[in-house]
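Taking it in order: structure first as structure tokens, then the write-up.
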Amino acid sequence: IVIKGPSGTGKTLAALALCDVARKQDGRLDVIPVGAGSDPSATLGLIETGPKLFYIEDPWGQFSLRGGSEAWTAQLPNLLRRAHPTHRYVVTSRSDMLGQANATKTLETWAVELDADHYRDGELASIYDKRMHLLAVHLQPLALEFQADVLDKLQMPLELDLFFTNLSDGPLKGEAHDDFLRRLLE
């Protein structure tokens, strides 16, 4: 599968969840991260050494096309065609990078797009709840107080991640809750 979409839509989170589910379904499965600096041949030498799932994050680059990205454009469709239950792939890419690499058309058979619309039916609230329970206990009531306003304003997992990262620092000394929330959402 190729998970594509704009920055911040949860592609990495979705890919890691897929890898986790696959590993739980088959305890023998090795999940092999393939770095952006690697080329497609990194997935070939391990084919016959047991079941593998190759997790390939942003093979064309995260913010601009990286050198050597042409190899991924040329070879990834062939690798995906030959995928089977003991040799799988989970690939993430920003849609714009996929387009710049001229790979959108050749990978459409395996592509799934994530965007903000995928989080409108309660999925973002579910992510919020999970993140809230990971906060320090003294900050959880504040997160609960802010929840409705935050979910009304934020649309994507990356925005929630930044919100919780800043929330975990707590309010400034003497900062009112409304002012703290306003600062977190700016």
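Basis for what follows: all heavy atoms, side chains included, without hydrogens, waters or symmetry-related copies. Note that the structure is a prediction, hence the values are computed from the model and not measured. This chain uses plain numbering: 1 for the first residue, then up along the sequence.
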Checklist entry - So how far is it from M97 CE to S69 OG, rounded to the nearest 0.5 Å? => result 7.0 Å
Item to check | Summary of salt bridge (charged side-chain N to carboxylate O under 4.0 Å, His left out) pairs that have at least one residue in residues 141-164, sequence neighbours excluded | outcome: R131-D161
Checklist entry - Is it true that a side-chain atom of Y55 and a backbone atom of T92 form a donor plus acceptor pair closer than 3.5 Å? => result no
Checklist outcome for this item: The salt bridge (charged side-chain N to carboxylate O under 4.0 Å, His left out) partners of D30 (sequence neighbours excluded) come to K52
Checklist entry - Got a salt bridge between E186 and R183, using NZ or NE/NH1/NH2 to carboxylate O under 4.0 Å? => result no
Checklist entry - Are any of the side-chain heavy atoms of V2 and Y89 separated by less than 4.5 Å? => result no
Next on the checklist: If you apply the rule side chain to side chain contact (heavy atoms under 4.5 Å, CB included), what do you find for W110 with K4, and how did you get there?
Outcome noted: CA-CA 10 Å; W110 302 280; K4 64 180 185 171; over 6 Å; no
Item to check | All salt bridge (charged side-chain N to carboxylate O under 4.0 Å, His left out) counterparts of E70, not counting sequence neighbours | outcome: none
Next on the checklist: Ignoring hydrogens, what is the shortest heavy-atom contact between L124 and P157? Give both atom names and the distance.
Outcome noted: CD1-N, 3.9 Å
Checklist outcome for this item: For L185 and V150, the nearest pair of non-hydrogen atoms, with its separation, is CD2-CG2, 4.2 Å
Next on the checklist: What's the separation between atom CG in L65 and atom CD in Q62, rounded to the nearest 0.5 Å?
Outcome noted: 13.0 Å
Checklist entry - Going hydrophobic residue to hydrophobic residue with side-chain gaps under 4.5 angstrom, can you get from L16 over to L18? => result yes
Item to check | Least distance between heavy atoms, P6 atom then L114 atom | outcome: CD-O, 3.3 Å
Next on the checklist: Do L181 and F163 make a side-chain contact, defined as non-hydrogen atoms from C-beta onward lying under 4.5 Å apart?
Outcome noted: yes
Checklist entry - Under the criterion side chain to side chain contact (heavy atoms under 4.5 Å, CB included), which of I3, I1, L76, L107 is the partner of V91? => result L76
Checklist entry - How long is the span from the CG atom in L134 to the CG atom in D129, to the nearest 0.5 Å? => result 11.0 Å
Item to check | Same apolar cluster: L151 and L154, side chain cutoff 4.5 Å | outcome: yes
Item to check | Qualifying salt bridge (charged side-chain N to carboxylate O under 4.0 Å, His left out) pairs with a residue from residues 83-103, counting only residues at least two apart or across chains | outcome: R94-D96
Next on the checklist: Is it true that W60 and T73 share a donor-acceptor pair across their side chains at a distance under 3.5 Å?
Outcome noted: yes
Next on the checklist: With side chain to side chain donor-acceptor pair (under 3.5 Å) as the rule and sequence neighbours excluded, what pairs involving residues 5-19 come up?
Outcome noted: T12-E57
Checklist entry - Step by step, would you call M132 with F146 a side chain to side chain contact (heavy atoms under 4.5 Å, CB included)? => result CA-CA 11 Å; M132 182 170 53; F146 293 164; over 6 Å; no
Next on the checklist: Please evaluate residues F54 and L79 with respect to the criterion side chain to side chain contact (heavy atoms under 4.5 Å, CB included), reporting the C-alpha separation (whole Å), side-chain torsions for both, the decisive distance (0.1 Å), and the verdict.
Outcome noted: CA-CA 11 Å; F54 294 94; L79 293 172; over 6 Å; no
Checklist entry - Hey, what do you get for CG (L184) to CZ (F164), rounding to the nearest 0.5 Å? => result 10.0 Å
Item to check | side chain to side chain contact (heavy atoms under 4.5 Å, CB included) assessment of L13 paired with I127 | outcome: CA-CA 11 Å; L13 184 64; I127 294 170; 4.3 Å; yes
Item to check | Close side-chain approach of L142 to F180, heavy-atom, < 4.5 Å | outcome: yes
Checklist entry - Do L158 and V112 share a hydrophobic cluster (ILVMFWY, side-chain heavy atoms under 4.5 Å, transitive)? => result no
Checklist outcome for this item: One should read off an interatomic distance between R66 CZ and W72 CH2, to the nearest 0.5 angstrom, of 7.5 Å
Checklist entry - What salt bridge (charged side-chain N to carboxylate O under 4.0 Å, His left out) pairs are there with at least one residue in residues 17-29, not counting sequence neighbours? => result D20-K24, D26-R28
Next on the checklist: Which heavy atom of S93 sits nearest to which heavy atom of L98, and what is that distance?
Outcome noted: OG-N, 3.8 Å
Checklist outcome for this item: In this structure, CG of L29 is separated from NE2 of H87 (nearest 0.5 Å) by 11.5 Å
